[in-house]
Amino acid sequence: MFIREPDSAWLGMLPPKFSKHLLSPAFFPRPPPPNPPKLSLLADRCAFMKQLQQVHAQMVVSSRINDEFAVSRLLSSCSLSNFGDLNYALRIFSNIQQPNSFMWNTVIRAQACGPNPHKALFLYIRMRRVGVVPGRHTFPFLIKACSNFRSLQSCKQVHTHVLKFGLDLDLHVANGLVRGYSLSNNLADARLLFDEIPERNLSIWTTMISGYAQNLCSNEALVLFNQMTKEGFEPNEATLASVLSACARSGCLETGERIHQFMKKKGIEVGVILGTALVYMYSKNGAITRAQELFDSMHERNIATWNAMICGLAAHGHAEDALSLFQREKKENVVPNDVTFIGVLSACCHAGLLDVGRDIFHSMRTVYGIEPKIEHYGCMVDLLGRRGKLLEAEELIKGMPWKADVVILGALLAASKNNANTEVAERLVKQILALEPHNHGVHVVLSNMYAETGRWEEVLRLRKVMKVERLKKEPGWSLVDI
DNA sequence: CTAGGGTTAG
């Protein structure tokens, strides 16, 4: 029988390590059988939970379930892949006699990114009870868990453990801590930590910059970005997205444009996230045409992209455009979220579109199943107040599921001043003073309203109240002074 | 065999 020599085309189809053997005469007559896939690596190749369950079953049958490596792979596939099942992974985990630190880290990571991040902390406590020592792969996820439920206290507690195990200079751990502190509204501590890191990398710079940007400290974000480039770091996509957001909110169109140029020069691809950041930056800065062009040229858009465009249009008084974009969004089957409605309602507010706004506000709950937040109520109160519907606005506030805050009451107070309605204003002032007894501003507003209608005796009464309030703040005040 | 940073309101 004639056996054809392997030609280059045939060799090219095989992995390189086989081609070497095939050329040697000992292997020549028969190509080697393909390696049977290793059970332990099979878990990585699964694309469905069902397949993972089969692998699990095979492992039980062949008693590979005692193989630490194989179980680790199975565990991490079950808990971390996007088709995975956290509860299944936790069941596997609870059946492992003595999980090693890798396994603990894996389930902690899965819980931290899941719907109940606080459970990651419970896992950590159990891990410590059985005496497993946490490592530099444990803390980043533990801190992520804390920042996912915005708990400053647990951040601090985990921080003490980081110090105890001497991991505070590990860059991943330090990065996590900076992020954790800035997400739990503690920028000062985040910055303190950031400054103490002797050798910072790009990720840590980015974390700190985005911390400022997300907490609406745009100027600090831009200052830090300048400092970063001075120290010779080149920004990547994550950095640029945060910086663009800071440019958008602080009105730095020039810096934003420079960054756009930089992206073009470096050939950085404008994906959804950077595209959205750019649309927001241009639209917030009034360059509506450029924003619109960019928006239309994007290949992929998500809800944030639509929101950025709608809110930008609304902020610049293009109410009709914002509303028609909202209609287009519906036609393209993009599901709006709570931010979308803030944009749409504020557009109605700017244009004074009372009926449209009312309809949209009611449709939030009835059509989209989105429970209005206090910000949405705020838009509606603004809109009603602007059109002189003070009593309806008052009713709306009374019907809120939460107690009214000073912001929303203040907005209606301003509206009642514009409508010269002292009756409503008096009621509102009473409510605001119940919340903030030392709020002088409302006395001033009310007294000005009385003055406009010539009710001088009321003005004098309020001035007396204000004087008492002022004196109360001084040490050793007495009624004799009045 | 594991890890970090990103977009939308105010």
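Letters go in sequence order (proteins before strands), and every chain restarts at 1.
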A:Ser79 and A:Arg109: side-chain contact (heavy atoms from CB on, under 4.5 Å), yes or no, with the steps? CA-CA 9 Å; A:Ser79 55; A:Arg109 177 185 179 186; over 6 Å; no

Would you say [N] has OP1 or OP2 under 4.0 Å from some side-chain N or O of [X]?
| X | N | answer |
| --- | --- | --- |
| A:Gln214 | B:dT8 | no |
| A:Arg249 | B:dT8 | yes |
| A:Ser242 | B:dG5 | no |
| A:Lys144 | B:dT2 | no |
| A:Arg179 | B:dG6 | yes |

With sugar-phosphate meaning primed atoms plus P, OP1 and OP2, does [X] contact a base, only sugar-phosphate, or nothing at under 4.0 Å between heavy atoms?
| X | answer |
| --- | --- |
| A:Phe139 | nothing |
| A:Thr207 | sugar-phosphate |
| A:Leu202 | base |
| A:Ser210 | sugar-phosphate |
| A:Lys284 | sugar-phosphate |

Please state how far atom [atom1] in [X] lies from atom [atom2] in [N], giving the value in whole angstrom units.
| X | N | atom1 | atom2 | answer |
| --- | --- | --- | --- | --- |
| A:His172 | B:dG4 | NE2 | C1' | 4 Å |
| A:Glu300 | B:dT7 | CD | P | 16 Å |
| A:Leu80 | B:dG4 | CG | P | 10 Å |
| A:Leu177 | B:dG5 | CG | C1' | 14 Å |
| A:Tyr124 | B:dA3 | OH | P | 20 Å |
| A:Met103 | B:dT2 | CE | C1' | 12 Å |
| A:Leu224 | B:dG6 | CG | P | 14 Å |
| A:Met228 | B:dG5 | CE | C1' | 11 Å |

Restricting to salt bridge (Lys or Arg N to Asp or Glu O under 4.0 Å), what partner residues turn up for A:Glu329, sequence neighbours left out?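 Checked A:Glu329 against salt bridge (Lys or Arg N to Asp or Glu O under 4.0 Å); zero matches.
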
Salt-bridged, [X] to [Y], with N to O below 4.0 Å?
| X | Y | answer |
| --- | --- | --- |
| A:Lys373 | A:Asp405 | no |
| A:Glu395 | A:Lys398 | yes |
| A:Arg191 | A:Glu220 | no |

I want to verify a distance call: between [options], whose nearest atom is closest to the [X] side chain?
| X | options | answer |
| --- | --- | --- |
| A:Asn175 | B:dT7, B:dG5, B:dT8 | B:dG5 |
| A:Asn337 | B:dC1, B:dA3, B:dT8 | B:dT8 |
| A:Asn105 | B:dA3, B:dT2, B:dT8 | B:dT2 |
| A:Arg109 | B:dC1, B:dA3, B:dG4 | B:dA3 |
| A:Ser245 | B:dC1, B:dG5, B:dT8 | B:dT8 |
| A:Asn307 | B:dA3, B:dC1, B:dT8 | B:dT8 |
| A:Glu237 | B:dG6, B:dC1, B:dA3 | B:dG6 |

Assess whether one donor atom and one acceptor atom, taken from the side chain of A:Asn236 and the base of B:dG6, lie less than 3.5 Å apart.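 Result: no qualifying N/O pair found.
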
State whether the distance check finds a donor on one side and an acceptor on the other, under 3.5 Å, for side chain A:Asn201 versus base B:dG5.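 Not at all, since no donor on one side and acceptor on the other fall under 3.5 Å apart.
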
Could you go through the side-chain contact (heavy atoms from CB on, under 4.5 Å) check for A:Tyr212 and A:Leu222 one step at a time? CA-CA 9 Å; A:Tyr212 279 127; A:Leu222 291 175; over 6 Å; no

Does a donor on one side chain and an acceptor on the other come within less than 3.5 Å for A:Arg73 and A:Ser77?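 Looking only at side-chain atoms, A:Ser77 and A:Arg73 do not form any donor-acceptor pair under 3.5 Å.
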
